2 protein chains.
Amino acid sequence: MGKIKILIADDEPDILDFLKYNLEKEDYQVFTTIDGEQAFNIAKSEQPDLVILDIMMPKLDGVEVCRMIRNDIVLKDTLVAFLTARNEDYSQIAGFEVGADDYITKPIRPRVFIARVKALIKRKSIDTSTEDILQVGDLIVDSSRRIVKVKNEVIELPKKEFEFLVLLASKPGRVFTRDEIYFKIWGDEVIVSERTLDVYVRKIREKIGEGFIKTVKGIGYKLDF
Amino acid sequence: MGKIKILIADDEPDILDFLKYNLEKEDYQVFTTIDGEQAFNIAKSEQPDLVILDIMMPKLDGVEVCRMIRNDIVLKDTLVAFLTARNEDYSQIAGFEVGADDYITKPIRPRVFIARVKALIKRKSIDTSTEDILQVGDLIVDSSRRIVKVKNEVIELPKKEFEFLVLLASKPGRVFTRDEIYFKIWGDEVIVSERTLDVYVRKIREKIGEGFIKTVKGIGYKLDF
DNA sequence: ATGATTTATTAATGTTAAGTTAAGAATTTA
DNA sequence: TAAATTCTTAACTTAACATTAATAAATCAT
């Protein structure tokens, strides 16, 4: 997984350098430009995760760049944050109308700024990471709703049972070794007894039916398909 | 869902035909008129999604029509765009003062024009979809009125309780993690205690009934449906 | 077949997350 | 500014979930 890309557009080189320095220290890949037109071009070519725009810029102002990003099929879900002077109320409204994700007010405090950027990026990853629905034969595993369906009947599983089933369902048919399962569900810190896994298998089978999880003796388990 | 309605008012029949032709090709329903007075009448009767007004028109000019639309209880949220000659600076200002949503400068380039119209309409649909009325089973959450209805009984909730319920109702069934909820309701700056959220859940359940908000232990909450 | 090995089952016990209540701050409203 | 409402915390309880332990059943190897 490559670095997270951030594009900053501001006509004041000092601010540009300052933000770039702080972001690079946090291991982000930073692109900078001083005009709005170029900002959009870089956005198109680099597809950054986050674009930070000053409102006032030569050629194209921040609000307009944001609008262009929102109208671009590839870029439309890109995070956009505006840089704005405190009390610059008009721009606040205009920015949200074109779909800004956040406002960052000047003067910029580095630690607050970084926290904000991290929060934004985390928010995005939450939004997009929870959309997958897995289907294996009669079994449907819906991660965002945390439910399992067997023949249109909704079944709710406790946390670990659900995680275990998601793991198996992520690669139907593939055998997961006991060790692998322990590692992926419990992590390498927690050590539980040898028989714990069997208990989970029993409970899940009770709830979703006996046919799905298949024991591969001496190895582990798999989801039949 | 019917076609999107667009009303165009301009005193030059050539422009009217030209715009009508281009918009109908994109499957919009187009109404035209050459004077401002009639423009307002058609707006009243058809309630178009977008009104495109020439500034200079017989009887009533565009700015005045726009003002009337903005003062009309039914029409006040209608999108209004002005047609204006490039460099017609005065009107630009007057138009925004009366609440124009966009400017379209003559001469008109068809592709640019259509892109602009689409962008406007999309923007509106985004704006209004957030103040939508959400219905989940017996529960109705009306964001614009800030009320909740359960079986026709109106319930008013305090700010935070309401925001929390709106969040859950925005994606019924989807599980929101506790962290996500804290982040979205309180922001990343404010940190409240671990149990605060539970208290809100209790209060909302007391008011709207026990059946709606479902706990997903170890993860968060969701709105059942 | 039979003993060894691996997995299954069940009930009990431990642990953690969420629920509850009341009280005091902080706001808003009159 | 007093009153009322809303927000937050703290301490405690409850319920749900996770894990273990003990025993049974299945599978494998010789």
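Note that the structure is a prediction, hence the values are computed from the model and not measured. Every chain is numbered from 1 and lettered A, B, ... according to where its sequence line falls, protein lines coming before strand lines.
Taking only side-chain atoms of A:T196, from C-beta outward, the nucleotide of D:dT9, C:dT7, D:dT20 with the closest atom is D:dT20.
Put simply, NZ on A:K207 is 12 Å from P on D:dA16, counting in whole angstrom units. In this structure, CZ of A:R202 is placed 18 Å from P of D:dC17, rounded to the nearest angstrom. Separating the CZ atom of B:R195 from the P atom of D:dT8 is a distance of 15 Å, rounded to the nearest angstrom. What separates NZ of B:K159 from P of C:dT28 is a distance of 8 Å, to the nearest Å. As a whole-Å value, the separation of A:L197 CG from C:dT7 C1' is 10 Å. Computed from coordinates, the B:L157 CG to D:dT5 C1' distance equals 14 Å when rounded to whole Å. Atoms OH (A:Y200) and P (C:dT9) sit 16 Å apart, rounded to a whole Å. Between B:K203 atom NZ and C:dA22 atom P the separation is 12 Å, expressed in whole Å.
With the nearest nucleotide of DNA chain C identified for both B:R205 and A:G218, A:G218 has the one nearer the 5' end. Nearest-nucleotide assignment on DNA chain C puts the 5′-proximal partner with A:V199, out of B:V199 and A:V199. Comparing A:P158 and B:E161 against DNA chain D, the residue whose closest nucleotide sits nearer the 5' end is B:E161.
Residue-to-nucleotide contacts include no donor-acceptor pair under 3.5 Å from the side chain of A:K217 to the base of C:dT7.
Judged purely by atom type and a 3.5 angstrom limit, A:Y182 has no side-chain atom pairing as donor or acceptor with the backbone of A:V192.
No engagement by A:V201 is indicated, since no non-hydrogen atom pair under 4.0 Å with the nucleic acid exists. Counting non-hydrogen atoms under 4.0 angstrom, B:Y221 reaches the backbone sugars and phosphates but no base.
Contact between the side-chain N/O atoms of B:T215 and the OP1/OP2 oxygens of C:dA18 is not found at any separation under 4.0 Å. Distances shown here put a side-chain N or O of A:S193 below 4.0 Å from the OP1 or OP2 atom of D:dT20. The side chain of A:W186 contributes an N or O atom lying less than 4.0 Å from OP1 or OP2 of D:dT19.
The residues A:E180 and A:K184 are annotated as salt-bridged, a charged nitrogen and a carboxylate oxygen being separated by less than 4.0 angstrom. The residues A:K5 and A:E46 are annotated as salt-bridged, a charged nitrogen and a carboxylate oxygen being separated by less than 4.0 angstrom.
Donor-acceptor pairing under 3.5 Å is lacking for the side chains of A:T196 and A:D198.
Geometrically, B:R174 engages B:F176 in a cation-pi contact defined by less than 6.0 Å to the ring centre and at most 45° from the axis.
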